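Keep in mind the model is a prediction, meaning the values are calculated, not measured. When a ligand or atom number is given, it counts from 1 through the structure's own listing order.
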Amino acid sequence: MLRQGALLALLALLPGSIAQVSEGFENGLDTAAWPTYAPDCSQGGSVALDSTQAHSGKNSVKVNGAGGYCGHIFFGTTKVPSGDIYVRTWLKASKALTDSHVTFITMPDAAQGAKKHLRIGGQSKILMYNRETDDATLPDLSPNGIAASKALPANAWQCFEYHLGPDGTVETWLNNVTIAGLTVKPGTANANAAQWQRSTVKPKPTAIYFGWESYGGDTNTFWYDDISVSSTRVGC
Ligand SMILES: *[C@@H]1O[C@H](CO)[C@@H](O)[C@H](O)[C@H]1NC(C)=O
């Protein structure tokens, strides 16, 4: 019995069985588990539980994002698996992405250094990643790069998923369909990832925050629901 107990205790410590997060906010927004995040300044943005919008159940989290960098606000989790990281969120944006650069998921990235982030957002009307240290985008914002990504449909719930691998792999899916332009694998050519691959930084996020940050005047309202952070892909 003792031995079996010890084995079970050991299994519970194995990577893959820790840092799993799955939350639909049906019991509210626990601000200890889901702290707000607005580095440097916070003017105009807000995060709140919303019982009028939901992907499933009755609740979601509503982010009112204001314009300008200081209008940013996020909420999220520091429970990030070591190794492979798979994030799935259902999200709904009230407005389509414009030509301006914005972020709706930001991750403090230990690989880039203090106060630097790996960001997921939009520019040139399509979904893209941005690496704060060198401002590289994935995909390149060339006509071919833009065509290899997708727009984010507004005013309807979308299933957004991504994978960050310890080897620098990035994979992204919208409604279970791979976004080719938002995919990078070591050793695999991606003609639209020239900017991204000029650096050897392999993202190592210490937290995952959902919200809104705008570097121009764009404002938006996002709802997030049914968030999963896991070491394996959970799907939509
Ligand atoms: C998602 O896509 C994969 C392969 O592309 C497929 O096997 C799977 O059934 C899809 N899942 C859903 C929920 O559609």
Side-chain angles (χ1 to χ4, degrees), residues 15-27 34 50 53-63 75-77 79-94 96-97 103-105 107 118-122 124-129 137-140 144-193 196-197 202-203 205 208-211 222-236:
S17 60
I18 54 167
Q20 312 281 314
V21 172
S22 179
E23 182 59 80
F25 307 106
E26 292 309 305
N27 295 318
W34 296 90
D50 189 344
Q53 300 272 346
H55 166 255
S56 72
K58 60 177 177 52
N59 292 343
S60 66
V61 176
K62 178 182 184 177
V63 176
F75 73 100
T77 177
K79 286 193 179 152
V80 181
S82 55
D84 288 294
I85 302 167
Y86 287 82
V87 177
R88 189 280 314 279
T89 185
W90 284 84
L91 56 79
K92 181 168 152 176
S94 66
L97 301 168
T103 295
F104 59 83
I105 295 176
M107 293 164 275
L118 173 63
R119 302 150 158 170
I120 303 174
S124 304
K125 300 188 177 75
I126 49 101
L127 292 162
M128 47 79 87
Y129 287 74
T137 64
L138 176 70
D140 299 327
N144 284 342
I146 290 167
S149 184
K150 290 176 185 289
L152 180 66
N155 284 312
W157 287 99
Q158 310 291 320
C159 178
F160 184 78
E161 294 175 275
Y162 64 95
H163 167 216
L164 304 175
D167 62 355
T169 291
V170 177
E171 296 182 280
T172 315
W173 299 268
L174 184 63
N175 299 320
N176 199 35
V177 177
T178 298
I179 307 180
L182 275 58
T183 302
V184 177
K185 290 181 186 179
T188 303
N190 177 342
N192 300 309
W196 201 256
Q197 293 185 320
K202 298 179 177 65
I208 297 163
Y209 295 112
F210 306 86
F222 268 66
W223 290 266
Y224 296 92
D225 197 2
D226 297 325
I227 294 175
S228 163
V229 179
S230 175
S231 52
T232 55
R233 190 176 173 201
V234 299
C236 291

Across all chains, not counting sequence neighbours, the ring-ring contact (aromatic ring centres under 6.0 Å, His included) partners of F222 are F104, W212, Y224

Inset, instruction - Can you establish whether the number of heavy atoms outside N27 located under 6.0 Å from its atom CG is more than 12? - result: no

Those residues at least two apart in sequence (or on a different chain) that pass salt bridge (charged side-chain N to carboxylate O under 4.0 Å, His left out) with E23 are none

side-chain contact (heavy atoms from CB on, under 4.5 Å) filter on D84, not counting sequence neighbours, yields Y86, H163, P166

| message | When you measure from the side chain of Q53 to the backbone of W223, do you find a donor-acceptor pair of N or O atoms at a distance under 3.5 Å? | response | no

N/O donor-acceptor pair under 3.5 Å between S230 side chain and T232 backbone:
yes

One pair per line, please: each N/O atom of ligand 1 matched with every protein N/O atom under 3.5 Å away, atom names first, then the distance to 0.1 Å.
from	atom 1	to	atom 2	distance (Å)
ligand 1	2 (O)	N176	OD1	3.4
ligand 1	2 (O)	N176	ND2	2.4
ligand 1	11 (N)	N176	ND2	2.7
ligand 1	14 (O)	N176	ND2	3.2

